Amino acid sequence: MHISRFGSVASRHKVQLGAALSAVALAVTGLAVPNATAAPKPITIGISVSLSGDFSGDGKATQQGYKIWATWQNAHGGILGRPVVLKFLSDASSPTQVVTNYQKFITSDKVDFVLGPYSTKLTKPASDIANRYHYVMLEGIGGGPSVFSRGLKNVFDVSASATYQLVTYAKWLAATQKPQPIAYATMDDPFIQPMVDFAKAYLDKKGFTDAVYKVYPAETTDFSPIASAVAASGAKIAILGTMPPDGYSMIQNFIQAKYNPEQLILASGPDQGADFTKSVGITNTEGIMVPNTWIPTSNYPGNKDMVALYIKTYGGDINAINADVPEAFAAGQVLAQAVNKVGSTSNVKLQAYLHSGAKFTSVQGPVQFAPDGENSGAAPYVFQWQKGQYVPVLPLGGPDKVSPIETLRPAWGTTPGM
Amino acid sequence: MLVLQAIIEGVLVGGFYALMAAGLTLVFGVMDIVNFAIGALIVLGAYLSYSITTHFHIDPFVSLIFTTPLMTALGMFIYVFLIKPIKTNKVVMSLLTMFAVATLIEGILDICYNSGFVQIHASYINNSLRIGKLNFPLIYVLSFLLSAFLLSCLYLVTYRTKFGRSLRASMQNPVAARLVGIDTDRVSMITLGIGIGLAAIGGMIFGTTNAFNASSSYDIISRLLVIVILGGFGSVGGALVAAIFMLVIQDVVAVVWSPVWGSTAFYMILMLVLLVRPQGLFGKKGVRAQ
Amino acid sequence: MLTLSGVFAGYGGGDILRGVDLTVEKGSITCVVGPNGAGKSTLLKVVSGLLVPRLGSVTFQGESIAGKSPQAILKGGIVQVMQARSLFPDLTVRENIELGAFLINDQKIVQQRFNEILDQFPMVKDRLKDKAGSLSGGQQRTVEFARALMLDPALVVLDEPSMGLEPKAAAAMYGYVRQMREHGRTVLLVEQNVRAGLGLATHGVVLEAGRVRLTGTGKEILENPQMKVLYLGGSTQTE
Amino acid sequence: MSTDTTISQRPTPPSYEVPKAIRYGALTVGFLVLVIFPLVFNNPTISTIGVFAMIFLMAVTGWNIFSGYTGYIALGHAVFFGIGQYATAMLASYWQIPPGWETFLLIPVSMFLAGLAAIPIGLIVLRVRKHTFIVLTIALMFIFQLFAYNLRGWTGGSQGLEVSQPPWDGSIFNLPYYYVGLFLAIIAIVTSFMIRRSKFGLSLLAIRDDEDRARSLGINTRNSKLTAFVISAIFLGAAGCMYAMFVGSVYPQFSFDPAFDLELSIMAFAGGLGTILGPSLGALIISGAQQYFLITFGGANVFLIVYGALFILILRLLPGGVVPAISDKWRSHVVRKEQRILDSELEGPAEAGAHK
Amino acid sequence: MTLLGVEGIVKNYGGIQALRNCTMNFQEGAINGLIGPNGSGKTTLFNVMTGYETPDSGKVTFRGKDITNSTPDEVFAAGIGRTFQLTRIFPRLTVIENVHIAAQRKGLVAQMRQWSQPDERARALESLDFVGLTKLSREPAGSLSYGQQKLLEFAFIMVAEPKVMLLDEPAGGVNPTLLKHLGGRIKELNKTGVTFIIVEHDMEFVMGICDQVSVMHQGSALLEGKPEIVRNDPAVLEAYLGTDMTEVN
């Protein structure tokens with residue numbers, strides 16, 4: 001079976017119809033397939049990932065996402081009919097090394113394209129380097145607002161903008177509930193804090209008040225005083241700007257403090273699948289919400305393949321997939337679609353095309369770039385853990401079918417059916 | 001009430017920090033070494049307990065029976081092969097050596113555990129005791145009790161056993177210690193063993209109360225150093241008081257004002273105390289003219 | 001009992017002992033005197049194993065001890081009381097004394113010795129629970145003596161037992177030294193107070209510039225006219 | 001007074017130092033290599049590593065002026081590195097400096113501010129010694145990091161700040177940074193050299209060996225330490241400014257980084273703490289090797305293991321550092337030569353020295 | 001005229017009384033010897049006079065000014081230099097660098113100039129020549145022998161040209177030839193107006209060069225006088241050899 005390149009979304013959907021299994025089968029033999037003919041020169045893509053240091057956990061997930069995308073893309077004809085070869089370098093979570101790494105990709109390795117590293121902090125220097133050499137930087141995991149406020153024309157984020165991720169929930173809240181006090185606690189982080197602050201600004205305008213608002217430093221290891229402060233506020237709704245590990249600790253502290261909010265939404269953490277359920281215990285997950293740009297079970301192009309490939313390659317189940325994986329995967333998808341459309345490896349043309357308002361598809365949903373490079377086409381989802389399942393509940397009226405939202409969380413440890 | 005709750009939490013967590021700091025301060029007192037690897041060693045201890053609990057389904061507290069001797073042996077190994085050979089500029093060379101050890105450990109853990117966040121589990125981890133409106137998380141209470149128990153053991157060992165005597169003697173007068181027949185090298189080796197063995201226990205506690213990965217060590221080390229300085233190098237009691245004092249202040253500032261300023265207060269207190277008492281809260285003035 | 005022959009020893013640069021020949025008879029109190037810098041303390045360090053001699057032999061009861069570790073020498077039966085600050089100030093008197101028996105593992109023997117020593121040093125009994133650092137100079141010395149006897153040594157080496165003490169306290173120390181001999185121990189001591197030291201000693205040794213200058217009984221040495229030359233300089237003629 | 005004449009007629013003492021010709025020759029060659037380096041290796045990857053090497057070069061040389069000479073191991077000099085970065089980022093936007101050459105004018109400003117900040121900081125931390133000093137400097141660094149997080153009105157908090165980069169072409173982009181960096185690094189080395197041979201430098205070394213004795217010999221130890229601290233901070237400020245301009249973004253986490261000082265001390269130790277060129281050599285080798293290592297084998301995550309193991313090996317094999325090891329080698333070479341001459345002279349009447 | 005004096009100094013260490021109401025005066029322009037048996041408090045007195053120890057009570061005066069609570073550097077700046085019984089040199093610096101440390105300079109600009117200015121260098125070499133260490137001038141001071149370190153310490157104090165030099169056992173470990181030479185130079189320096197206070201156990205040396213000898217015993221002044229008188233005073237010998245206290249009991 002040979003699959004030619006497919007330039008349109010429609011034809012890709014056809015491929016989608018061939019179930020996940022066929023893609024997996026392809027992935028195994030996939031690399032050999034495009035080489036059946038004259039072995040075209042591969043398309044090289046350079047990516048710096050954090051394999052050690054502070055970001056190493058997410059760095060590795062990012063790398064997995066990119067790798068799976070490359071496998072999948074090659075199984076689907078590569079880019080411009082040429083196979084995709086990824087080059088990874090570790091940056092040890094340091095901006096110094098990020099600068100050097102992207103210089104190397106562009107000037108020594110002369111890669112055709114680059115994709116973004118993990119985190120807002122590293123995306124900023126990386127995009128400067130790319131800009132210097134007129135390279136486009138597509139990324140999905142570094143969408144802090146400060147990346148886009150610098151006037152760079154070459155950065156594009158395929159994920160929903162950080163600033164709007166919690167607004168979906170805020171809008172729903174303002175529309176359905178009476179104004180009441182809300183407890184906020186957020187990590188001091190360029191990606192996370194804006195999420196909470198935007199939601200808070202929105203809710204403040206709608207008459208909601210803050211029962212408590214605490215910003216905690218990134219290196220906090222003991223969350224009990226913060227959790228106590230939130231618990232003591234007695235607010236029925238808690239909005240937390242957490243990264244995965246502190247989200248788990250925070251929930252644990254809530255349980256210990258017997259604080260049982262009716263609605264609990266975390267910026268990230270509950271989206272981490274098995275990591276989350278193992279850390280907080282499956283029986284405590286009921287009703288916890290999290291915004292996300294990706295639905296594991298969605299029918300967006302490539303998603304089922306990605307999930308199958310991931311499970312085949314790295315094991316685990318659908319819920320074990322870190323959100324970094326589809327974010328990286330989506331960046332690759334958009335790159336492939338755009339380059340195939342442009343028809344050349346010219347980054348200048350690519351940049352112009354990405355700014356043209358063209359629409360793309362990804363495992364996370366539709367992508368369309370605003371002038372500053374943010375994805376204006378994305379609609380951030382809100383997920384909720386219901387009966388041990390991770391299900392989308394918001395937005396209402398979106399393209400995907402969502403489950404009804406549980407507005408009253410049960411007591412801790414009482415997940416129905418668990 | 002919130003402040004009271006913060007104080008209780010400060011005391012409970014302070015006990016754990018005191019245990020860690022005790023290992024650090026003993027090692028300093030006997031050997032003049034700042035064990036910069038303590039953070040990485042705590043994370044190592046956490047991972048060891050994690051592996052044992054997940055693979056053999058053993059209670060984390062029981063896992064200590066295996067991890068503590070292992071880590072103690074590691075400490076002795078580090079002393080014999082890395083610290084003892086250092087001849088010149090001991091203070092800085094040992095500090096850098098321990099930093100290198102920390103790097104090595106982090107690298108190994110990173111490969112073995114693939115750097116995702118994990119947390120040690122037990123059925124009772126989310127339980128808590130409630131007295132009136134105050135809340136005592138069970139795991140914190142348990143770890144505080146364990147810390148208190150171990151600190152008392154440490155106290156008994158140092159004040160009631162023969163080894164303890166040789167340890168205190170080596171701290172106070174190494175030459176005279178050799179003259180009464182104490183093998184000061186052996187004492188140093190065992191002390192580093194104890195110091196690192198304690199990291200196994202601290203690691204277990206850290207791992208049950210926090211999600212962690214290989215890079216989690218840096219957040220621990222700076223606080224421990226501050227506590228040790230404030231308590232006075234070499235003073236276990238000082239470390240206990242300093243740990244509880246600092247954690248209580250930090251937690252109270254965190255709930256009354258803001259968590260970010262809680263951390264700042266933590267370090268500012270050190271500055272202020274040292275401006276008045278350069279030898280720390282409980283340290284002895286040890287400067288001689290000749 | 002203890003024999004040094006042709007011992008050269010020193011720190012880093014040069015030798016301080018330059019060919020010391022010395023014999024300590026069993027059952028004697030041998031007192032080494034000599035001006036400052038003569039090498040008395042260095043000599044004791046060689047005997048106790050803190051310093052390894054560069055040349056020469058040191059034998060104790062027929063066995064070579066040069067270059068052995070302090071512990072090994074202690075086990076062999078030589079205990080030294082240092083010149084100053086050899087107690088552990090933050091440990092109690094009791095702990096300090098018990099540390100003297102660090103090398104003995106049999107608690108019965110330790111307890112028995114401890115009781116014997118309490119009888120021997122009544123002062124110690126009253127202060128057992130005090131920190132050693134809080135004692136007066138004389139008391140500290142006494143504790144050091146008591147500690148030294150815990151191992152039941154054959155040879156006790158004392159470095160200036162009267163240093164810095166008031167006459168009365170010093171006299172008490174000398175009393176203890178005599179007592180040790182009465183208990184059958186051999187004593188080697190270094191003393192600045194020449195008259196007192198030699199008066200106490202059965203054998204005297206005068207060390208100067210790293211060599212043994214005079215030997216004899218204590219009395220003989222005290223009466224030797226050369227002593228004044230050694231101590232106050234000048235020549236014997238001015239006498 | 002016959003002794004007098006014999007004493008003064010003694011031959012001039014032999015020099016155990018490596019001869020001037022060799023030293024200056026090596027220096028000139030080293031300098032020329034550094035000057036033509038980015039022209040020969042004109043790949044921007046290599047010159048990027050070169051720019052970072054220059055930044056570390058000036059930083060470690062500055063660090064060594066204080067820590068190497070006085071023996072006070074500071075592990076909080078990231079404070080001044082960070083101050084340099086934040087000063088650059090804040091002033092560039094406050095004064096609306098357009099990206100380009102004008103930004104480089106912030107270097108002296110950053111140096112001044114870092115030096116200024118070093119005065120009160122030095123007055124506080126220099127009251128204590130040894131371990132307490134080490135830990136106090138670390139604590140100070142965390143305080144500054146937390147201030148950078150907390151005073152978000154000025155510092156942008158966790159959002160960080162940025163310095164817009166000039167629109168220069170990639171092929172020549174690194175060169176101005178490299179040469180300005182080289183220039184500053186040379187100023188740092190020359191300053192270090194001048195201090196080492198000055199009376200002031202001698203006082204610092206005396207403080208390292210025996211601070212109380214130095215004080216009793218009339219050295220104003222407090223002022224000497226403080227002066228060295230400030231000078232050292234100035235170069236860290238310069239390094240911070242260069243870093244902020246080159247990398248383009250500033251975050252509390254990276255500006256006030258505990259690992260930064262450890263890296264500096266490793267470089268200084270590997271090269272030779274307290275020597276003039278040792279730390280520079282350490283900086284060039286280690287920062288270059290580290291980056292090169294990561295871009296060559298960085299795909300694998302054995303990096304930390306190899307790094308840690310190598311580091312332990314260096315500490316074990318070269319406890320004094322490279323430069324002292326070389327001068328020791330030279331010294332034993334000279335001594336052996338001398339011994340041979342002396343042996344042949346001793347054939348004649350033995351002239352015993354006054355002392356051994 | 002009294003240049004440096006102590007009045008009623010008391011100093012206790014724990015249980016030991018090192019100085020008991022010690023009163024002593026040292027004459028300007030003289031070479032003063034300070035002798036006494038070990039433990040009689042000579043070094044403690046030096047420490048008190050040079051600011052290394054604060055007395056429990058009593059007063060130290062220099063040229064009539066109270067310097068009791070001055071720090072070592074203030075004392076040094078006032079013109080009192082000292083050596084230590086156990087030498088305190090700078091072991092990792094070379095011999096010549098050691099000698100330069102004490103050479104005073106004022107002002108930042110002067111501080112920044114090369115440490116070895118021609119005039120200082122001349123003085124430094126002269127003083128090294130004087131103690132016979134020229135040949136070792138480029139050796140690290142820590143590699144010198146005990147006696148050589150003593151000489152080095154003397155040399156670097158000399159370079160600072162103090163008004164008073166307090167020497168704590170300058171002869172310890174120094175060979176006899178050089179010792180004679182040292183005595184000659186002390187006398188020579190003394191002629192230029194430098195006052196000396198010398199603690200020494202080598203009596204021949206003390207008696208040979210001192211104008212005035214003070215004897216300390218058990219923490220206070222026993223007597224004071226010309227060397228010949230002191231030497232033949234039975235009380236001094238008594239103090240040195242000690243009473244046979246075994247008979248007192």
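Note that the coordinates shown come from a computational prediction; the quantities given were computed from them, not determined experimentally. So that the names make sense, note that chain A is the first sequence line, chain B the second, and so on, each numbered from 1.
- Asp212(D) places a side-chain heavy atom less than 4.5 Å from the side chain of Arg88(E).
- Heavy-atom minimum distance, Arg196(D) versus Trp115(E): O-CD1, 3.8 Å.
- Between Glu97(E) and Arg208(D), no side-chain nitrogen of the basic residue sits less than 4.0 Å from a carboxylate oxygen of the acidic one, so the salt-bridge criterion is not met.
- Using a cut-off of 4.0 Å between Lys/Arg side-chain N and Asp/Glu carboxylate O, Arg213(D) and Glu153(E) are scored as salt-bridged.
- The backbone N or O of Gln117(E) lies less than 3.5 Å from no partner atom in the side chain of Lys199(D), so there is not a single donor-acceptor pair.
- The shortest distance between side-chain heavy atoms of Arg197(D) and Ser116(E) does not fall below 4.5 Å.
- Residue Ile157(E) touches chain D through its side chain alone, counting heavy-atom pairs closer than 4.5 Å.
- Considering all non-hydrogen atoms of both residues, Phe76(E) and Leu217(D) come closest at CE2-O, 3.1 Å.
- Taken to the nearest 0.5 Å, the OG atom of Ser198(D) stands 9.0 Å off from the CD atom of Gln114(E).
- Annotation for Arg222(D): atom CZ does not count as buried by contact number, only 12 or fewer foreign heavy atoms lying within 6.0 Å.
- Minimum interatomic distance between Arg215(D) and Asp73(E) (heavy atoms only, all atoms of both residues): O-CB, 2.7 Å.
- The number of heavy-atom neighbours closer than 6.0 Å to CE of Met112(E), taken from other residues, nucleotides and ligands shown, is above 12.
- Looking at Ala160(E), there are no atoms closer than 4.5 Å to chain D (heavy atoms on both sides), in backbone or side chain.
- Of all heavy-atom pairs between Ile101(E) and Ala206(D), the closest is CD1-CB, 3.5 Å.
- To the nearest 0.5 Å, atoms CG (Leu93(E)) and CG (Leu202(D)) are separated by 6.0 Å.
- Once rounded to the nearest 0.5 Å, the distance linking CD1 of Ile195(D) with CD of Gln111(E) reads 11.5 Å.
- At a 4.5 Å heavy-atom cutoff, the contact between Arg92(E) and chain D is made by backbone and side-chain atoms alike.
- Options Gly201(D), Ala214(D), Ser224(D), Ser203(D) differ in how many heavy-atom pairs under 4.5 Å they form with chain E, and the most are formed by Ala214(D).
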